[in-house]
Amino acid sequence: MTRGRFITFEGPEGAGKSTHLKALAEKLKARGIPVLTTREPGGTLLGELVRKILQFNEAGEAPVPTAELLLFLASRAQLVNNVILPALERGEWVLSDRFCDSTFAYQGYGRGMDVAELRAINAFATQNLMPDVTLLLDIPQTESRQRVADRQGQADRFEQERDTFHLRLAEGFRELAKQEPQRIRRIDSTQPQADTEAAVWAAITPLLP
Ligand code: Z5A
């Protein structure tokens, strides 16, 4: 059996990751390709619990930056081992809403941790798994903040961070795309939704059987 493909969606908050992941999953299924969708942090029972701790201080206190990093990686280790690798072995295509580049952007460029060290610890947590293609949905800071402000619900710990934090991580994502242009495709997500969807499709077509 041919191994499945691993595609990740990345970008700042409100960039359209969930929207375009869903659209791509539907298109792939329509072509008869088996698809598994997941998200980070989360995607497993353990991961979803970690998500609540990370986003809404469910433990009753905010994690310090190192604990925050290790919690993201604990969620990822569980997801990779129990969900992603088995699905790829079964020949399924796995689409994930965020993965390792969020760690490099948020904890690296955002929190100021060393990105080379983050790559090493990420490799340990993921058994060296990297995405085949990463779609970086890019929107300017002002639009990202506006889309988040427009939606209902409680702001999470990351949404409450200062604008300078969000500017750093958005620039970090662009820098990561420059470093790995083969894997990370930067897509303008300010275009009309249908155009962004078409750009996503164009980026993944080389992977199609
Ligand atoms: N995090 C981290 O620090 N380190 C890590 O390693 C990982 C994560 C894995 C997870 O939250 C938080 O954890 C995240 C980073 C951190 N923090 N933040 N912020 P998340 O991924 O659940 O949160 P999010 O990025 O804020 O998700 P989101 O707001 O749901 O964003 P989205 O999925 O990119 O957007 P969307 O829901 O698809 O779309 C947002 C709105 O825009 C919606 O109303 C759409 O209809 C609209 N939209 C979408 N596309 C368009 C276009 N093209 N035009 C106009 N409007 C559009």
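Whatever order the structure lists ligands and atoms in, that order sets their numbers, starting from 1. Both backbone and side-chain heavy atoms feed into the values below; hydrogens, waters and symmetry mates do not. Treat the numbers as computed from the prediction; the structure is a model and nothing was measured. Numbering starts at 1 and runs along the sequence shown.
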How about atom 43 (C) of ligand 1: does it have a protein heavy atom within less than 4.0 Å? no

When you measure from atom 33 (O) of ligand 1 to every protein heavy atom, which one gives the shortest distance, and what is it? S18 OG, 2.5 Å

protein heavy-atom neighbour closest to atom 35 (O) of ligand 1 works out as G16 N, 3.2 Å

Between H20, R98, Q107, R157, flag the one that comes closest to atom 14 (C) of ligand 1 by a heavy atom. R98

Do Y109 and R174 have side-chain N/O donor and acceptor atoms under 3.5 Å apart? no

Is E48 salt-bridged to R39, going by a charged N under 4.0 Å from an acidic O? yes

Taking 4.0 angstrom as the limit, do E68 and R111 come out as a salt bridge? yes

Please list, in number order, the atoms of ligand 1 under 4.0 Å from a heavy atom of S189. 52 (C), 53 (N)

What protein heavy atom sits nearest atom 17 (N) of ligand 1, and how far off is it? F158 CB, 3.4 Å

How far does OG of S102 sit from CD of E40, to the nearest 0.5 angstrom? 7.5 Å

Quick check with a 6.0 Å cut-off and a 45 degree axis cone: is R76 positioned over the face of F99's six-membered ring? yes

Flag the pair L70 / I121 as yes when at least one side-chain heavy-atom distance between them is below 4.5 Å, and no otherwise. yes

Tell me, which protein residue and heavy-atom name are nearest atom 31 (O) of ligand 1, and how many Å apart are they? G14 N, 3.0 Å

Considering the heavy atoms of T103, write down every atom of ligand 1 situated less than 4.0 Å from one of them. 5 (C), 6 (O)

R151 atom CZ: more than 12 heavy-atom contacts under 6.0 Å: yes

Are R76 and ligand 1 in contact, using a heavy-atom cut-off of under 4.0 Å? yes

Cationic N near anionic O, under 4.0 Å, E159 to R145: no

Taking atom 8 (C) of ligand 1 as the point of reference, which of F72, F99, Y106, F9 owns the nearest heavy atom? F72

Q191-ligand 1 polar pair, N/O distance under 3.5 Å: yes

Under a 3.5 Å threshold, yes or no: a donor from one side chain and an acceptor from the other, between D150 and Q146? yes

Between ligand 1 and P192, is the shortest N or O to N or O distance under 3.5 Å? no

Give a yes/no verdict on whether any heavy atom in Q55 is under 4.0 Å from an atom of ligand 1. yes

Which atom names give the shortest non-hydrogen contact between I139 and S144, and what distance separates them? CD1-CA, 3.4 Å

List ligand 1 atoms under 4.0 Å from T19, heavy atoms only on the residue side. 36 (P), 38 (O), 39 (O), 45 (C), 49 (C)

Polar proximity ligand 1 side, E40 side, N/O cut 3.5 Å exclusive: no

Determine, considering heavy atoms only, which of R151, K17, E13, R147 sits nearest to atom 28 (P) of ligand 1. R151

Can you give me the closest heavy-atom contact between F104 and L176, atom names plus distance? CB-CD1, 3.7 Å

Geometry only, no angles: is V148 polar-contacting ligand 1 at N/O separations under 3.5 Å? no

Within the structure, is a non-hydrogen atom of R51 found at a distance of less than 4.0 Å from ligand 1? yes

Contact (N/O only, under 3.5 Å) between H166 and ligand 1: no

For the pair E180 and R119, find out whether any cationic side-chain nitrogen is under 4.0 Å from an anionic carboxylate oxygen. yes

